[in-house]
There are 2 protein chains.
Amino acid sequence: MNLNEKLTELNEKGCTLTIQRHAVLEYLYENRTHPTVEKIYYSLKEKFSTISKATVYNTLELLKNYGLIQEITIEKGKLHFDYEVKPHHHFFCHRCNHVYDVDVVGCPLAGKKMIDGHKIEEMRPYIIGTCSKCLKKKG
Amino acid sequence: MNLNEKLTELNEKGCTLTIQRHAVLEYLYENRTHPTVEKIYYSLKEKFSTISKATVYNTLELLKNYGLIQEITIEKGKLHFDYEVKPHHHFFCHRCNHVYDVDVVGCPLAGKKMIDGHKIEEMRPYIIGTCSKCLKKKG
DNA sequence: ATCTAACATTAGAACAATTCTAAGTCAAGA
DNA sequence: TCTTGACTTAGAATTGTTCTAATGTTAGAT
Ligand SMILES: [Mn+2]
Ligand SMILES: [Mn+2]
Ligand SMILES: [Zn+2]
Ligand SMILES: [Zn+2]
């Protein structure tokens, strides 16, 4: 789903399309590195010096609630965000703190709505380890 | 793996078995509800009034590094811990904030050591939604 | 075009979770 | 007994997130 489709969807659902909301969504569209809130905030601040942290948090929460972005709790104590909302696995490297997409096929939970009587609303398949780049560094 | 086996393993690996470490591990052994650090700390404090938060954090980190307990980052901004280290899925109810074990068979990642060139050290398959108890309440 | 009420943004304070610090305690070996 | 290193403690500091109250903006009604 490209940027304009998401912006249109937001608009059609009655959400005011402020310049800040546009900027946050656009930033995630252009930066598929699963940035932290801090990263998003300071990056936006460069082009947009008056944007506030509260707005960044509010906007991320809003976009998440509209189902347009995904929140990632893979790293202890801080949030990452992802423009891509289609279910996919994430790999966290505890050496360099990067979050990678990984493609896993054949997940038995794919498409399931319920498990053990609980209603599934979101899947967060996380994998922790050492990434390929850091494995090479190790020497 | 029962409590004595884990205590023995700790001891054999040269780790001093202090009363605090014993207490934290025992608490997790007896409380399989995936407690938060706060819960662990205040529960231990009842029987053991001088235990400090730093010790609880240090001990949880130490036990995790020995592979005797598991850290869970399913809830935004706070840690839960699990005595059980065998790979299993966790379900987080965003209504009541409980963490449940769920049994999922046929995970294609089971036993895998590598993915996309990254070294897998830990699996954290999280599922978010509304638990069976909260679904009933909703009525 | 102007008014108005609801909504959005801002800066910074407040808060919550975790980590750090420095002093004190304990245990084992010389 | 003395020394050394490891452990614990209370509380301060730090970090990430949420709240607050003032200000600014938007969109619909007039
Ligand atoms: Mn992703
Ligand atoms: Mn569990
Ligand atoms: Zn890495
Ligand atoms: Zn529930």
Side-chain angles (χ1 to χ4, degrees), chain A residues 7 10-27 34-66 68-81 92 94 97 99, chain B residues 7 10-27 34-66 68-81 92 94 97 99:
Chain A
L7 290 169
L10 257 186
N11 195 41
E12 281 171 355
K13 283 178 171 164
C15 173
T16 307
L17 263 183
T18 64
I19 189 161
Q20 292 88 347
R21 289 172 183 174
H22 188 290
V24 169
L25 190 55
E26 183 174 65
Y27 182 83
H34 311 97
T36 59
V37 180
E38 198 199 17
K39 185 74 174 52
I40 298 168
Y41 170 63
Y42 285 107
S43 300
L44 292 177
K45 211 146 210 299
E46 286 177 14
K47 289 202 163 180
F48 200 150
S49 68
T50 70
I51 199 167
S52 87
K53 219 168 260 198
T55 297
V56 174
Y57 274 100
N58 290 343
T59 301
L60 290 166
E61 178 73 12
L62 176 141
L63 294 172
K64 182 184 77 164
N65 289 337
Y66 274 105
L68 296 176
I69 63 170
Q70 162 175 199
E71 174 187 283
I72 302 174
T73 59
I74 201 170
E75 183 176 12
K76 162 157 75 175
K78 58 170 60 159
L79 295 174
H80 293 250
F81 284 87
F92 179 71
H94 56 65
N97 290 4
V99 177
Chain B
L7 289 169
L10 257 186
N11 195 41
E12 281 170 357
K13 283 177 172 166
C15 173
T16 309
L17 263 182
T18 64
I19 189 161
Q20 293 87 347
R21 289 172 183 174
H22 189 290
V24 169
L25 189 56
E26 183 174 66
Y27 181 82
H34 310 99
T36 59
V37 181
E38 198 199 17
K39 185 74 173 55
I40 298 167
Y41 171 62
Y42 285 108
S43 300
L44 291 177
K45 212 148 210 298
E46 285 176 14
K47 289 202 164 180
F48 200 150
S49 67
T50 70
I51 198 166
S52 87
K53 221 168 259 197
T55 297
V56 173
Y57 275 100
N58 290 343
T59 302
L60 290 167
E61 179 73 12
L62 176 140
L63 294 172
K64 181 184 78 165
N65 290 337
Y66 275 104
L68 296 177
I69 63 171
Q70 163 175 197
E71 175 188 282
I72 302 174
T73 59
I74 202 170
E75 183 176 11
K76 163 156 74 174
K78 58 171 59 158
L79 296 173
H80 293 250
F81 285 88
F92 179 70
H94 57 66
N97 291 3
V99 177

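No experiment lies behind these values; they were computed from the predicted model shown. All chains are named by letter (A, B, ...) in the order of the sequence lines, taking the proteins before the strands, and each is independently numbered beginning at 1.
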Would you tabulate the pairs of protein nitrogen or oxygen atoms and nucleotide nitrogen or oxygen atoms of nucleotides 9-13 of chain C closer than 3.5 angstrom?
{"unit_1": "C/dT9", "atom_1": "OP1", "unit_2": "A/T18", "atom_2": "OG1", "d": "2.5"}
{"unit_1": "C/dT9", "atom_1": "OP1", "unit_2": "A/Q20", "atom_2": "OE1", "d": "3.0"}
{"unit_1": "C/dT9", "atom_1": "O3'", "unit_2": "A/Q20", "atom_2": "NE2", "d": "2.9"}
{"unit_1": "C/dT10", "atom_1": "OP1", "unit_2": "A/Q20", "atom_2": "NE2", "d": "3.4"}
{"unit_1": "C/dT10", "atom_1": "OP1", "unit_2": "A/T50", "atom_2": "O", "d": "3.1"}
{"unit_1": "C/dT10", "atom_1": "OP1", "unit_2": "A/T50", "atom_2": "OG1", "d": "3.2"}
{"unit_1": "C/dT10", "atom_1": "OP2", "unit_2": "A/S52", "atom_2": "N", "d": "3.1"}
{"unit_1": "C/dT10", "atom_1": "OP2", "unit_2": "A/T55", "atom_2": "OG1", "d": "3.0"}
{"unit_1": "C/dT10", "atom_1": "O5'", "unit_2": "A/T50", "atom_2": "O", "d": "3.1"}
{"unit_1": "C/dA11", "atom_1": "OP2", "unit_2": "A/T50", "atom_2": "O", "d": "3.2"}

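One finds a side-chain N or O of B/Y57 lying less than 4.0 angstrom from the OP1 or OP2 phosphate oxygen of C/dT18. Checking the phosphate oxygens (OP1, OP2) of D/dT26, no side-chain nitrogen or oxygen of A/T16 falls inside 4.0 Å.
For the pair B/N65 (side chain) and B/E61 (backbone), a donor-acceptor distance under 3.5 Å is present.
Inter-axis angle, ends of the helix from C/dA1-D/dT30 to C/dA30-D/dT1, five pairs per end, rounded to 10 degrees: 10°.
Per the geometry, NZ belonging to A/K78 stands 4 Å off P belonging to D/dG16, to the nearest Å. A straight line from NZ of A/K76 to C1' of C/dA16 spans 16 Å, rounded to a whole angstrom. C/dA16 atom P lies 14 Å from atom CD of B/E75, rounded to whole Å. Atom pair A/N11:CG and D/dA27:C1' shows a separation of 12 Å (rounding to whole Å applied). To the nearest angstrom, P of C/dA16 lies 11 Å from OH of B/Y42. Protein atom CG of A/L10 is 16 Å distant from nucleotide atom P of C/dC7, rounded to whole Å. The nearest whole Å value for the distance from the CG atom in B/L44 to the C1' atom in D/dT9 is 15 Å.
Using a 4.5 Å heavy-atom threshold, the side chains of B/V37 and B/V56 count as touching.
Atom CZ of A/F81 sits about 12.5 Å away from atom CG of A/L25, to the nearest 0.5 Å. For the atom pair B/Y27 OH and B/K39 NZ, the distance stands at 3.5 Å (nearest 0.5 Å).
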Q. For B/K76 and A/E71, what are the C-alpha separation, side-chain angles and deciding distance, and is it a salt bridge (Lys or Arg N to Asp or Glu O under 4.0 Å)?
A. CA-CA 9 Å; B/K76 163 156 74 174; A/E71 174 187 283; 3.5 Å; yes
Q.
Treating primed atoms plus P, OP1 and OP2 as sugar-phosphate and everything else as base, which nucleotides of nucleotides 24-30 of chain C get B, S or - for protein heavy atoms under 4.0 Å?
A. -------
